[in-house]
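Chain A is the first sequence line, chain B the second, and so forth, proteins listed ahead of strands; every chain is numbered from 1.
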2 protein chains.
Amino acid sequence: MQKPGSRVTIRDVAARAGVSVATVSKVINQRYGVAEDTMARVQAVISELGYEASLVAQSLRNHRSNVIGILVADLEPFSAELLKGAGDAIRGTGFELVVYSAGGRTGDMVGWEKRYLSRLSGTLVDGAVLVTPTVVDLQSNAPVVAVDPHTGSSAFPTVDADNLRGARLATEHLLDLGHRRIAMLAGRADLQSAILRQQGYREALAAAGVPFLESLVRVGGYDPGLSALAARELLTDPRRPTAVFAANDVTAIATIEVALHLGLRVPEDLSVVGFDNIPESALCVPPLTTVNQPIRTMGERAVDMLIRLIHKQPVERTHLTLATELVVRGSTAPV
Amino acid sequence: MQKPGSRVTIRDVAARAGVSVATVSKVINQRYGVAEDTMARVQAVISELGYEASLVAQSLRNHRSNVIGILVADLEPFSAELLKGAGDAIRGTGFELVVYSAGGRTGDMVGWEKRYLSRLSGTLVDGAVLVTPTVVDLQSNAPVVAVDPHTGSSAFPTVDADNLRGARLATEHLLDLGHRRIAMLAGRADLQSAILRQQGYREALAAAGVPFLESLVRVGGYDPGLSALAARELLTDPRRPTAVFAANDVTAIATIEVALHLGLRVPEDLSVVGFDNIPESALCVPPLTTVNQPIRTMGERAVDMLIRLIHKQPVERTHLTLATELVVRGSTAPV
DNA sequence: CTGAAAGCGCTAACAA
DNA sequence: TTGTTAGCGCTTTCAG
C-alpha cells in the first residue's frame, strides 16, 4: 500500500501491477501497444485501488484539461439558471465543468475575472465563460466567451439577449392595456443590459406619443432591497403610476410586495412587468408578466461557442443576441 | 515576449527580469533573501506581463492549493443558497472556492462524487464539501464534509438541520390552528431529510391524537412537477384536506399554485406550510409559512468545519445539526 | 510490447 | 543575495 493519507498515484498502481508508470499511463489513455493481459492486470489494480488520474497533473502535462470554467461574480437566480444551461450544453461533449465564484464581492474585488482567468487558463481550464464581467480589456490566451457583458462592444465573443426589443415589448404591452403613467424601475447604470432596457422603455413611450417623465424613473440597481425603497417612493406619490416596468424579475417581485403592503391590489390597482423570466417569476402570486430571456439557452450557447473556439472550429456569429419575448401572466391588467 | 498563444509563465518573467525562476518564485511568495531592487524589478515585470502563477502548477508542487471544492449534484435554490453561505465562510480565510456540478445528472451518474473527489483531492482542492451525496462509502485522503447526506450515519462529518423537529413544529402549527385533515406532500424516500420530515409529521399527529391517514400522504419527491400532480389529487378529493404540509418550499409553492387554479383561496380555504425557507418562499404571494432551515449557515458551517479539518484543528462536533424554526407568514390560517 | 527519461510550471532545499 | 537542482503526477517520445 501507499503511504496512508496521501492519494493513490500512478506510481502506486504501477508498483502494485509490477509495470512501469508509462504502461499504466498507456492503459489509462487507451493507447495501443499494451498486451492484453498486461492491460487487464493494470485495470484490475486501478479499480482495486480506486485510482483516478489527477486532473492537475494531467492538465499541467497536456495543456489540455477538458475542463471548462464558468466565472461568476455571485450566485443568484440569473447565474444559477445560466449554470443549468451550461450543464446542459456540457453533457456528451467530454468536457467537465467548474464554476468559480467571486462570492458576491464584486464591489471590493474589481478584476476578479482577470485574476482567475490568469491563474486557470492554459492550465486548469481550456476556456472560460465570463458571466457579466466588469472588465473588458483582458487579453487571454485561452478562448473566452462573455455573457451579458458590461459594455456594448466587447473584444471577445459574447452572448446576450435582445434587451432593447424586450423592453419595448414590455412597455408596449402596458401601453396597449391603456396605461399612460408607466414608471420604470431601472437597473445598474454600468450594465449594458440595463441601459438597453431603459432605452427600449423610452422608445416605446415615444412611439406611442406618451411623454417621458424623469419623475417616473427610479434606479433599483437590479437589487431587491434598493428596489423596494424606490418602489415605495413611486407608489406613495399622490400621482402614482398605474404600471411599473421593472428592469428585472427580482425587482419586479419586490415591487409587487411593496404594492401589497401599501394595500394596492396587483394587477387591479397596479400592473407590474418584469424582465428575465426567472423561475421565481412564474411561482410568484400573481404570476409575473415578464420578458422572457432564454437564460438557460444563453448558458448553453455560450458553452457551445466556447467549445467550438477551443476546437478551433469556425463560429458563425461571435456576438450572439438571443430573442426575447413577452410572457403575459397575471400581474398586468387594463388600466 | 513569449510565444504568442501560450500563457505567461514564471520563466518569461525570469527571463525578462534577468533573474532565475527561483528568485521570481521567492518574490511571488514573499520569501526573505531577495534584494530590494531585485524585488522591485521583478514586481515591475510581473505587472507588466500581467503574470499570475498557475494554480495547477502550484498545487501540484505544494500539495496545497488553498482551494476548497464544493461538489453539488445540481444547481437549484437549495444548493445555490448553500453556495452563498460557503462564499461567506470563505472570505478572509485565504481559501478560494470552486464548484463542481454533476449537472443534474444524478440519476444516470451515480458516484459522481467519488470520481470528482478522486480526481481533485490531494491536488486541486485541499478538501471538499459534498452536497446531498448519494454515496457514503467513499474513502478520501482529503477532508470531506457532507451536507444533508442521503443516509443517517455518515462516515464523514456532516452538517444538516433538525428535520424532525422542524416537521413537528410545522404540523403542530397547523394543529394549533384547528386543522385536523392535514395532508403531507412527502419528499424523496432515499433522502434522510425526507424521511425525518415525514416522521415529524406523524409524531405531531400522534401527540395530538389525530389519526394518521395514508390517504392524506402523497409523494412529491421534492419536485415541483410531481408535486403539482399530487396536490391536484389531494385537493380535488371530495374529502380534501384543510391544510397541506409540503416537504419543501418548492413543492409548497407548487401546491399553492394548484390550489389557486382550483379556485381555492390560500389561506382562507387551504393552509400550506413549506420547509426550507428559500428566498422564493418570502417573495411568494401569499408569503409562505415555512420551516426555516438555515441553509446559508449550513454552507458556512460546512466550510468552517472543512477548514478546521484541513488545518488539523479539533472540531467540536463532527455531526452538526442546526436548529430549525417555524416562520409564520401568510399561507396559514385557522380552519 | 515495455520502460527509461524528459519536461509541463512551480517551489524548496542547498550551494555558490 | 542568488542560482542550481530535484521533483510534485502525469504523458510522450524513443530505445530496448
Side-chain angles (χ1 to χ4, degrees), chain A residues 2-3 5-42 46 49 51-67 118-126 141-142, chain B residues 2-3 5-42 46 49 51-67 118-126 141-142:
Chain A
Q2 79 287 356
K3 184 159 41 87
S6 78
R7 62 173 282 123
V8 181
T9 75
I10 196 171
R11 289 159 64 137
D12 299 317
V13 175
R16 192 141 168 74
V19 295
S20 72
V21 293
T23 302
V24 178
S25 175
K26 281 170 196 154
V27 171
I28 293 166
N29 297 289
Q30 326 228 52
R31 295 278 174 278
Y32 292 109
V34 182
E36 280 287 307
D37 57 333
T38 311
M39 179 99 104
R41 188 152 36 92
V42 173
I46 286 175
L49 262 45
Y51 169 75
E52 291 275 355
S54 159
L55 178 61
V56 161
Q58 280 187 322
S59 57
L60 180 58
R61 177 60 230 227
N62 293 344
H63 281 278
R64 189 123 208 304
S65 59
N66 284 314
V67 172
S118 300
R119 275 172 73 73
L120 303 175
S121 75
T123 41
L124 182 60
V125 300
D126 296 340
N141 33 337
Chain B
Q2 80 286 355
K3 186 158 39 86
S6 78
R7 62 173 284 123
V8 181
T9 74
I10 196 171
R11 289 158 64 135
D12 299 317
V13 176
R16 191 141 168 72
V19 295
S20 73
V21 293
T23 303
V24 178
S25 176
K26 280 170 195 155
V27 171
I28 294 166
N29 297 290
Q30 327 231 48
R31 294 280 174 277
Y32 293 110
V34 181
E36 279 287 304
D37 56 334
T38 311
M39 179 98 103
R41 187 153 35 93
V42 173
I46 286 175
L49 263 44
Y51 169 76
E52 290 274 356
S54 160
L55 178 61
V56 161
Q58 280 187 323
S59 57
L60 179 59
R61 177 60 231 224
N62 294 344
H63 280 278
R64 189 122 209 301
S65 60
N66 284 313
V67 172
S118 299
R119 273 173 74 73
L120 305 174
S121 75
T123 41
L124 183 60
V125 300
D126 296 341
N141 32 337

key: Donor-acceptor pair, side chain of B:R11 and main chain of B:V21, under 3.5 angstrom   = no
inquiry  = Taking any atom closer than 4.0 angstrom to a non-hydrogen atom of chain A, what span of DNA chain C does the protein reach, first nucleotide to last?
reply    = C:dC1 to C:dG9
request  = Might you point out which heavy atoms bring A:V34 and A:M39 nearest each other, and give the distance in Å?
outcome  = CG1-N, 3.9 Å
key: Minimal non-hydrogen separation, B:V67 against B:L124, with atom names   = CB-O, 3.7 Å
ask   = Any idea which heavy atoms bring A:V24 and A:I10 closest together, and the distance?
value = CG1-CG1, 3.5 Å
remark   = A:Y51 and A:T9 have their tightest heavy-atom pair at CE1-C, 3.6 Å
task = Name all residues meeting the side-chain hydrogen bond (donor to acceptor under 3.5 Å, both in side chains) criterion together with A:S59; count only those two or more places apart in sequence or in a different chain, and write none if there are none.
result = none
query = For nucleotides 9-14 of chain D, read 5' to 3', which letter fits each nucleotide if B means a protein heavy atom sits under 4.0 Å from the base, S means only the sugar-phosphate is that close, and - means neither?
reply = BBBB--
message = Distance alone, cut at 3.5 Å: any donor-acceptor contact between the side chains of A:R64 and A:Q58?
response = no
